[in-house]
Amino acid sequence: MPIGFTIKALIGILFLSIYLHPDTNNSVPSDTMRFLNEGKILNDVFYQSPSDYFKLLIGIKEHEELIHKYLMETFLWDSGNYTIVNDSRTVIRIHSLIHFISFGSAFIHNLFMCLVALMGVKHLFFAFNRYTKIKETYFFLILILIPSLLFWTSGILKEPFLILGIGLLFRGLLNHNDSKKKKFIYSIVGTMLLSAIKPYVLFALVPGFIYAFINLIIPNRKVIYKLMFTSILITIASLILYKPTDKVVHYLSRKQFDFDHVGKGGIFIDFNDSSLAYFEMKDYDKITVKRKENLLTVNQETRIKTISKRHQFKDFYQTIKPSKEELKIVYNVGGALSYIETTPIQNSKNQLIKNIPEALTNVYFRPFINDPGSKLKYLSMLEMWGVFLLLIISLMKHRNLREWNWNIIVSIGLFCISLALIIGWTTPVLGAIFRYRFPIIVALILLSIIIIEPPKQMQK
């Protein structure tokens with residue numbers, strides 16, 4: 001554990017040097033900076049009104065007047081208003097608490113994130129150690145040194161809490177050495193943490209849970225039969241819950257639509273109660289932007305897009321005339337170097353199904369050599385190739401697997417497919433895909449470790 005924490009702290013310094021660099025934050029607004037700054041804004045509320053601070057911290061009596069009074073300068077606090085759960089608020093609240101002892105030091109915040117992530121890796125180790133023949137020390141070091149897990153969970157992001165939630169949930173489900181009370185607590189806390197931080201990851205676990213449930217009902221059956229029953233159950237549930245699935249398709253469509261505009265780059269202003277106005281990057285010569293004040297002035301007649309805040313997924317064009325009025329900028333992004341075109345879902349279930357091959361390809365096989373992006377894409381490419389190579393080697397040198405091993409393997413495999421679909425359907429930026437897919441990489445490596453017959457010197 002001390003070695004693991006030292007490694008993560010060193011990678012955390014690298015993370016901060018990248019994500020707190022002015023060039024990084026001027027080109028693409030960094031969640032790291034936003035979580036730090038907005039946590040400080042919330043922390044300052046305590047010194048103005050402790051009672052209002054605790055209302056915002058806990059979320060009780062958190063009405064619009066209170067938010068308008070104290071949090072008008074924040075962006076992430078309200079960025080999730082049109083999604084199922086605003087997971088950014090949870091992270092902002094946690095960092096507002098850390099500000100009481102950090103005195104604004106990003107390094108202190110980052111050390112806390114490293115500790116949270118390390119605890120997640122520890123719980124993940126206890127969850128899966130029983131299912132592998134690799135020595136404990138080697139297994140722990142493999143988990144710690146998975147490149148994408150090591151990097152993305154060593155920074156001021158949601159990912160440290162994500163890996164902690166996954167670790168707690170699976171320890172509660174799989175570790176037989178804990179008491180029933182502990183297992184229950186781990187499972188509940190892990191579920192709550194995933195619900196608050198990354199609810200779509202919890203949703204991606206559902207097919208695996210269904211398979212595990214079927215295994216309890218019909219044990220001692222071939223995997224193919226259990227998979228067939230799982231598919232039938234999911235299909236029946238989708239038909240029964242037809243209306244709720246409409247909401248899921250709408251949520252995915254909205255995520256894809258919003259992410260597409262952010263990936264292309266531009267400036268968003270609050271146009272009216274129902275829509276945002278979007279200035280494309282090609283029209284920047286027609287406007288004046290005051291970055292410090294976060295204001296925009298239109299100098300020439302400009303064609304803009306108006307984007308519905310809630311239900312519509314089509315761009316409506318109109319012309320805005322020159323004016324001395326200063327418009328409040330909601331979001332200003334320079335566009336992503338690794339933006340790729342994706343097929344719009346636009347609230348269509350049929351299109352969602354048609355997009356499956358595209359979604360899986362983008363998550364598992366990109367970046368291609370000719371894809372846009374910085375040179376860092378080659379590191380991500382090498383990592384993915386390495387994961388596939390490890391999986392192939394493990395299949396070639398597999399050990400004799402018991403039934404309960406196969407149940408874990410299939411459940412994890414279903415999770416990998418489900419999460420890849422969610423990410424691939426909604427994300428048109430390769431850099432974001434590299435970040436979001438790290439749980440899939442961890443899961444594939446766990447699969448390989450469970451399957452493989454390790455060399456004798458590495459065996460327990």
* Asked: With side chains defined as the heavy atoms from C-beta onward, is the minimum distance between Leu444 and Met384 less than 4.5 Å?
  -> yes
Of all heavy-atom pairs linking Ser394 and Ile451, the shortest is O-CG2, 3.4 Å
Can Gln256 and Thr342 be said to form a side chain to side chain contact (heavy atoms under 4.5 Å, CB included), step by step? CA-CA 9 Å; Gln256 182 198 45; Thr342 53; 3.7 Å; yes
Only residue of Arg437, Arg366, Arg435 satisfying side chain to side chain donor-acceptor pair (under 3.5 Å) with Ser380 is Arg437
Would you find more than 12 non-hydrogen atoms of other residues, nucleotides or ligands less than 6.0 Å from Met192 atom CE?
no
When rounded to the nearest 0.5 Å, the distance separating CZ of Phe35 from NE2 of His109 is 13.0 Å
Q) If you count the non-hydrogen atoms of other residues, nucleotides and ligands that lie under 6.0 Å from CZ in Phe203, is the total more than 12? A) no
Glu159 and Trp152 have their tightest heavy-atom pair at CB-O, 3.3 Å
Under 3.5 Å donor-acceptor, Thr90 side chain and Ile197 backbone: no
### Lys198 side chain reached by Lys158 side chain, heavy atoms, under 4.5 Å
yes
(request) Spell out, as yes or no, whether a donor-acceptor pair under 3.5 Å connects the side chain of Asn355 to the backbone of Thr343. (result) yes
Margin query: For Phe139 and Phe125, take the angle between the two ring planes, folded into 0 to 90°, and tell me which bin it lands in: parallel under 30, tilted 30 to 60, perpendicular over 60.
Written below: tilted
| request: Could you tell me whether the side chain of Met396 reaches within less than 4.5 Å of the side chain of Ile392, counting heavy atoms only? | output: yes
Arg399 (side chain) donor-acceptor with Pro454 (main chain) under 3.5 angstrom = no
dist Ile134:CD1 -> Ile450:CD1 (nearest 0.5 Å) comes out at 10.0 Å
Heavy-atom nearest pair, Ile369 first then Tyr378, reads O-OH, 3.9 Å
Side-chain contact, heavy-atom cut-off 4.5 Å: Trp406 with Ile409?
-> yes
Quiz item: Does a side chain donor of either Glu358 or Asn362 reach within less than 3.5 Å of an acceptor in the other side chain?
Solution: no
Residues 179-188 vs side chain to side chain donor-acceptor pair (under 3.5 Å), sequence neighbours excluded, gives none
Residues pairing under side chain to side chain donor-acceptor pair (under 3.5 Å) where one sits in residues 412-432, two or more places apart or in two chains, turn out to be none
In short, side chain to side chain donor-acceptor pair (under 3.5 Å) pairs touching residues 443-459 with sequence neighbours left out are Lys133-Glu453, Glu453-Gln459
Open item on the list: Pair Ile423, Ile440 - check side chain to side chain contact (heavy atoms under 4.5 Å, CB included), show working.
Closed with: CA-CA 10 Å; Ile423 296 169; Ile440 296 174; 4.2 Å; yes
Closest non-hydrogen atoms of Gly155 and Asn110, given as atom of the first, atom of the second and distance, are CA-OD1, 3.3 Å
Applying side chain to side chain contact (heavy atoms under 4.5 Å, CB included) to Ile408 and Phe128, what does each step give before you reach the verdict?
CA-CA 9 Å; Ile408 295 294; Phe128 288 96; 4.0 Å; yes
So CG of Leu421 and CG of Leu360: to nearest 0.5 Å the spacing works out to 4.5 Å
Item to check | Close side-chain approach of Leu430 to Lys377, heavy-atom, < 4.5 Å | outcome: no
d(Ser102 OG, Ile108 CD1) to nearest 0.5 Å is 7.0 Å
Taking the side chain as everything from C-beta on, heavy atoms only, tell me whether Val429 gets closer than 4.5 Å to Ile340.
no
Residue pair Leu173 / Phe209, side-chain heavy-atom distance below 4.5 Å
yes
Practice prompt. In sequence, state the C-alpha distance, the side-chain angles, and the governing distance for Val363 and Tyr436, and then conclude on side chain to side chain contact (heavy atoms under 4.5 Å, CB included).
Written response: CA-CA 9 Å; Val363 173; Tyr436 299 156; over 6 Å; no
Validation: residues 4-13 side-chain donor-acceptor distances under 3.5 Å, sequence neighbours left out:
unit_1	atom_1	unit_2	atom_2	d
Thr6	OG1	Pro2	O	2.8
Lys8	NZ	Thr153	OG1	2.8
Lys8	NZ	Ser154	OG	3.0

| task | Quick one: sort the Tyr364 and Phe388 rings into parallel, tilted or perpendicular, breaks at 30° and 60°. | result | tilted
State, with a plain yes or no, whether a side-chain heavy atom of Phe415 is found less than 4.5 Å away from one of Pro439. yes
Show the atom names and distances, to 0.1 Å, of all donor-acceptor pairs under 3.5 Å that link a side chain in residues 164-172 to residues at least two apart or in another chain.
unit_1	atom_1	unit_2	atom_2	d
Arg171	NE	Asp178	OD2	2.9
Arg171	NH1	His123	ND1	3.1
Arg171	NH2	Asp178	OD1	3.2

Hey, is CG on Asn400 packed in by over 12 heavy atoms from elsewhere, all under 6.0 Å? no
To the nearest 0.5 Å, atom CG of Asn407 lies from atom OH of Tyr131 at 9.5 Å
When rounded to the nearest 0.5 Å, the distance separating CD1 of Ile441 from CZ of Phe434 is 9.5 Å
Heavy atoms of Ile345 and Ser253 approach each other most closely as CG2-OG, 3.4 Å
_Side chains of Tyr53 and Asn43 only: does a donor on one sit below 3.5 Å from an acceptor on the other?_
no
TODO: Report yes or no: does Asp371 contribute a side-chain atom to a donor-acceptor pair with the main-chain N or O of Phe368 at less than 3.5 Å?
DONE: yes
Between Asn37 (side chain only) and Met33 (backbone N and O only), is there a donor and an acceptor less than 3.5 Å apart?
yes
Sequence neighbours excluded and cut-off under 3.5 Å, please list the side-chain donor-acceptor pairs for residues 113-121, or say none.
none

